[in-house]
Each structure stands twice: as C-alpha cells, then as structure tokens.
Amino acid sequence: MQNLEQLELQFQAKIDAEIKIEPKDWMPEAYRKTLIRQISQHAHSEIVGMLPEGNWITRAPSLRRKAVLLAKVQDEGGHGLYLYSAAETLGIDRDTLINDLHSGKAKYSSIFNYPSLIWADMGAIGWLVDGAAIMNQVMLCRTSYGPYARAMVRICKEESFHQRQGYEIMLTLAQGSPEQKRMAQDALNRWWWPSLMMFGPPDSESTNSESSIKWKIKRMSNDELRQRFVDATVPQAELIGLKVPDKDLKWNEERGHYDFGALDWDEFWAVVKGNGPCNKERLEQRVKAYEDGAWVREAALAHAEKKKERAEKVGAVA
Ligand code: BYC
C-alpha cells in the first residue's frame, strides 16, 4: 500500500500537470475540505444573491426590464443548484450545507448584505457585482477540481449577460434626465467599495490563498483580481459619464495600472461576521423561503416513491 506522502506527491504532480481531479480520485483531506468550503460559500452567495434583486422584480420600470431581471434572478438560483451539486460530489449532503447557511455557520459573499434602495441599484449590481464575480470566476473555469470547473463554464456565460444588462441599465440612466443620472451616480457611490471587497481580504491576510494557489483552486490572488477589476471598470464608468467615488484613484503610468484608495477592512470584517446592514434580514428571508418550500420537497419525494413502487409492481408482473 502506498503511504500518504507518496499519494500526496502523486496528487500534486497531477495538479502541476493540469490534470483535473475528479470525485473518485484520491485527494488530501485538506483539499476536499477547502473545496467544500469555497464551493458551498459560492452556492450560498448565489442564492442569497437572489434577494437584493428579487426585491425589485415587481417594481421594474417596464415589462422588458421585469422580464430581464426575472430571468437573471432565476439564473442565480440555477447557479446555486449546480454549485450545491458540485459540492455534493465531495461527499457532503445538501441538507448539511443548507443547515450551515441557516444557522449562520457558513459564510456567503459580503456584498449581499447591502440594501438595494433604488432602481439604479439593479444597474450597479449587474455591472459591478456580476462584473467582479466574472473577474474572479473566469479563473475558476480552470480550477483543478473537475465538477467545479465545468459548472463555472456555464455560470460565466450567464454572468457575462448579467454584467451587460446591468451596464445597459446604467448607460440608459446616465443618458436620461438629471435625476436619472443622479440615481446612477448614487448607486455607483454605494456599490463601488463593497464590490472591491468581494475579492476578499488583502493577500497579506488571506489565510487560504497559499494552499489554494498551490492546489490551483485559485489561480490569481485576491489583490491581483481586485486590481484587474479596477483597471477594467474605471474606463467603463468614464464612458458613460459617471465618477468612481475614490479621490485617490489615478492612472499610474509606471505600473500600467490604476492606483486606488484604501478599503475599509473594518467594515468588511464586520459584514463578514454578521453585522452588515442586511445580514439578519437576508438570513431570515432564506430560512422562510426554505420553510415555505417544504411542500415542494415533500411532493417530489412522494412522487419519486410512487414511481418506484409502480416500477417494482411492473417488474413483479413481468
Ligand atoms: N465575503 O483566505 P481568503 C454572484 C472569507 S455570487 C465573505 O482570501 P479564499 C452573484 C473567506 O471565506 C459570486 N467572506 O479566502 C450572485 C475566509 O473565511 P473562511 C460569489 C469572505 O476562499 C447573485 C476569509 O474571509 N463568488 O456572482 O481563499 C447576484 C479569508 O479569505 C469574502 C464566489 O463565491 C467575501 N467577499 O478567497 C449577482 C467565488 N472574501 O472561509 C452575483 C468563489 C473572503 O476561511 N470564491 N471571505 O472562514 C472565491 O473565489 C474565494 O472564496 C474568495 C475568497 C476569493 C471569495
């Protein structure tokens, strides 16, 4: 029998050779645990992320906007489902994951604990939140765990549509009346800094990065992705005549990147620890949605049971 050290060496050699790890392959326990942590947090973020936008479906300003927003929110629900399924391939069941979310044990993205106050927030969420999500998720399409990487390919295609629909809302508002332009700017002011925080703490405080980069779960660091996002998004704001709310923002010719102001990491950690503006409300809404949906789960189980019984009867007669 091979010893643990040999297995670990073979595992790392596979990762280094860009061979995907599949559910039945041997993997170090710490790799399995970190994937369950990240994929389930990601799944929770998708379904909690339905709430700030779901809040605006009935108030969208036109039938077209309503249809598009409804489709987007449904997509997020779908992303949650693929990701829960990917996490389950690592040997954890969905009930445990959902219980961890509902009890407050599991994390989800900090961004979804901010309120969506005005219609322009739908533009800012699509443009900035989905924009930040894609920046991070494009690298996850090449993550080392097969089921996660494959789920991310479809998710990224949908997220890029989400980003464009958000930017188009901002463009329309920015070209509208002075009041509409003010709404767009207000939404940008409120969502800009929380969007930069989505990439996680600075590299110096990112406890999981070292092992995740070694295992090619993550292929770029939190700070690298944040910088890429700023570089890509600032010109988009300028193009539609909006101003990024950062007095320290400046193109740095030498670095070939924008320099930007310091993030408020105390605010980030407060939100992550459950003390953001909407943490309590979001969890209450998720728990209620789960309880209200109990009859659907019961009906599906009863249907499956009936189907099985019928198949057994037919089998007995034949
Ligand atoms: N919020 O060591 P680090 C979407 C935690 S949803 C909360 O750098 P890691 C959408 C982190 O978990 C897309 N917590 O962590 C949906 C860790 O704590 P634990 C969401 C955060 O994992 C609806 C600690 O801080 N995307 O697109 O190496 C509508 C130290 O951090 C956050 C994903 O989930 C945060 N922002 O890197 C619209 C992508 N950041 O777990 C849009 C998948 C960090 O050790 N996830 N923490 O207790 C990832 O890529 C990585 O998990 C992260 C963090 C880059 C987020």
Side-chain angles (χ1 to χ4, degrees), residues 23 32-60 66-67 69-117 121-122 125-126 129-130 133 137 140 147-148 151-152 154-155 158-159 162 194 198 270-308:
R32 195 179 73 85
K33 282 214 173 105
T34 207
L35 275 173
I36 291 176
R37 178 187 64 79
Q38 179 169 324
I39 301 173
S40 62
Q41 283 175 4
H42 194 164
H44 299 326
S45 304
E46 298 282 357
I47 58 159
V48 177
M50 297 168 78
L51 298 173
E53 288 172 290
N55 180 30
W56 276 92
I57 291 170
T58 55
R59 292 177 288 164
K66 191 198 279 272
L69 187 61
L70 189 59
K72 176 188 192 290
V73 173
Q74 283 176 338
D75 283 352
E76 311 295 0
H79 298 173
L81 298 183
Y82 320 146
L83 289 164
Y84 283 126
S85 301
E88 283 179 306
T89 63
L90 291 152
I92 183 131
D93 65 274
R94 196 172 302 200
D95 286 344
T96 309
L97 298 175
I98 302 273
N99 283 339
D100 285 351
L101 172 66
H102 292 175
S103 69
K105 187 175 158 204
K107 292 191 170 77
Y108 58 86
S109 183
S110 49
I111 192 77
F112 302 115
N113 294 305
Y114 291 85
S116 50
L117 303 175
D121 288 12
M122 298 306 97
I125 292 178
V129 176
D130 287 271
Q137 291 172 4
L140 292 176
Y148 192 21
M152 289 319 303
R154 175 155 175 193
I155 292 177
E158 292 175 349
E159 298 289 25
H162 297 169
M198 283 177 73
V271 175
V272 171
K273 287 183 183 139
N275 301 315
C278 300
N279 293 61
K280 195 164 165 278
E281 180 189 328
R282 298 288 186 241
L283 269 195
E284 278 170 6
Q285 273 182 286
R286 276 312 324 158
V287 171
K288 183 173 182 310
Y290 187 76
E291 284 168 358
D292 288 351
W295 68 272
V296 179
R297 293 188 294 279
E298 282 159 22
L301 284 175
H303 177 68
E305 192 55 37
K306 237 188 205 168
K307 244 175 109 177
K308 195 172 136 219

Engineer: To the nearest 0.5 Å, what is the distance between CG on Asp292 and CD on Gln285?
Structural biologist: 11.0 Å

Engineer: If you define the side chain from C-beta out and look only at heavy atoms, does anything of Val287 sit under 4.5 Å from Glu291?
Structural biologist: yes

Engineer: Between Tyr148 and His42, is any pair of side-chain heavy atoms under 4.5 Å apart?
Structural biologist: yes

Engineer: What are the two closest non-hydrogen atoms of Glu53 and Gly49, and how far apart are they?
Structural biologist: OE1-O, 3.9 Å

Engineer: How about Ile125 and Met122: do any of their side-chain heavy atoms sit closer than 4.5 Å?
Structural biologist: yes

Engineer: Please give me the minimum heavy-atom distance between Ser110 and Val272, naming the atom from each residue.
Structural biologist: CB-CG2, 4.3 Å

Engineer: For residues Ile47 and Gly80, report the shortest heavy-atom separation together with the two atoms involved.
Structural biologist: CG2-CA, 4.2 Å

Engineer: For His44 together with Tyr84, are the ring centres under 6.0 Å from each other?
Structural biologist: yes

Engineer: In Å, rounded to the nearest 0.5 Å, how long is the span from OG of Ser40 to CG of Leu101?
Structural biologist: 9.0 Å

Engineer: Working to the nearest 0.5 angstrom, can you tell me the gap between Leu140 CG and Met152 CE?
Structural biologist: 5.0 Å

Engineer: For the CE atom of Met50 and the CD1 atom of Ile57, what is their distance to the nearest 0.5 Å?
Structural biologist: 7.5 Å

Engineer: Under 4.5 Å between any side-chain heavy atoms of Pro52 and Pro115, yes or no?
Structural biologist: no

Engineer: Could you tell me whether Glu76 and Lys72 have a side-chain N and a carboxylate O separated by less than 4.0 Å?
Structural biologist: yes

Engineer: So among Gln137, Glu158, Arg154, Gln74, which one has a side-chain hydrogen bond (donor to acceptor under 3.5 Å, both in side chains) with His79?
Structural biologist: Glu158

Engineer: Between Ser103 and Asp100, what is the shortest heavy-atom contact and its length?
Structural biologist: OG-O, 3.3 Å

Engineer: Would the distance check show the side chain of Asp121 and the main-chain N or O of Leu117 forming a donor-acceptor pair, the cut-off being under 3.5 Å?
Structural biologist: yes

Engineer: Would you say the side chain of Arg94 lies within less than 4.5 Å of the side chain of Ser85, judging by non-hydrogen atoms?
Structural biologist: yes

Engineer: Given side chains that start at C-beta, do those of His162 and Glu159 come closer than 4.5 Å, heavy atoms only?
Structural biologist: yes

Engineer: Any idea which heavy atoms bring Ser116 and Asn55 closest together, and the distance?
Structural biologist: OG-ND2, 3.3 Å

Engineer: Working note: Ile36 + Leu97, criterion side chain to side chain contact (heavy atoms under 4.5 Å, CB included); need CA distance, chi angles, decisive distance, verdict.
Structural biologist: CA-CA 9 Å; Ile36 291 176; Leu97 298 175; 4.3 Å; yes

Engineer: Strictly distance-based, threshold 3.5 Å: is any side-chain N or O of Arg286 a donor or acceptor partner for the main-chain N or O of Glu281?
Structural biologist: no

Engineer: Given side chains that start at C-beta, do those of Cys278 and Tyr114 come closer than 4.5 Å, heavy atoms only?
Structural biologist: no

Engineer: Give a yes/no verdict on a cation-pi contact between Arg282 and Tyr108, requiring under 6.0 Å between NZ or CZ and the six-membered ring centre and an angle within 45° of the axis.
Structural biologist: no

Engineer: With distance as the sole test, does Asn279 use its side chain to make a donor-acceptor pair with the main-chain N or O of Gly276 at under 3.5 Å?
Structural biologist: yes

Engineer: Within the structure provided, determine whether Lys308 and His303 are in side-chain contact (heavy-atom separation under 4.5 Å).
Structural biologist: no

Engineer: Which heavy atom in Ile39 sits nearest to a heavy atom in Leu83, and how many Å separate them?
Structural biologist: CG2-O, 3.3 Å

Engineer: Side chain to side chain contact (heavy atoms under 4.5 Å, CB included) for Phe112 and Leu51? Distances and angles first, verdict last.
Structural biologist: CA-CA 8 Å; Phe112 302 115; Leu51 298 173; over 6 Å; no

Engineer: Show the numbers, then the answer: is there a side chain to side chain donor-acceptor pair (under 3.5 Å) between Asp93 and Thr96?
Structural biologist: CA-CA 6 Å; Asp93 65 274; Thr96 309; 3.0 Å; yes

Engineer: Under the salt bridge (Lys or Arg N to Asp or Glu O under 4.0 Å) criterion, do Glu284 and Lys288 qualify, and how do the steps go?
Structural biologist: CA-CA 6 Å; Glu284 278 170 6; Lys288 183 173 182 310; over 6 Å; no

Engineer: Could you check Val48 against Asn113 for side chain to side chain contact (heavy atoms under 4.5 Å, CB included), going step by step and ending with a plain yes or no?
Structural biologist: CA-CA 9 Å; Val48 177; Asn113 294 305; 5.5 Å; no

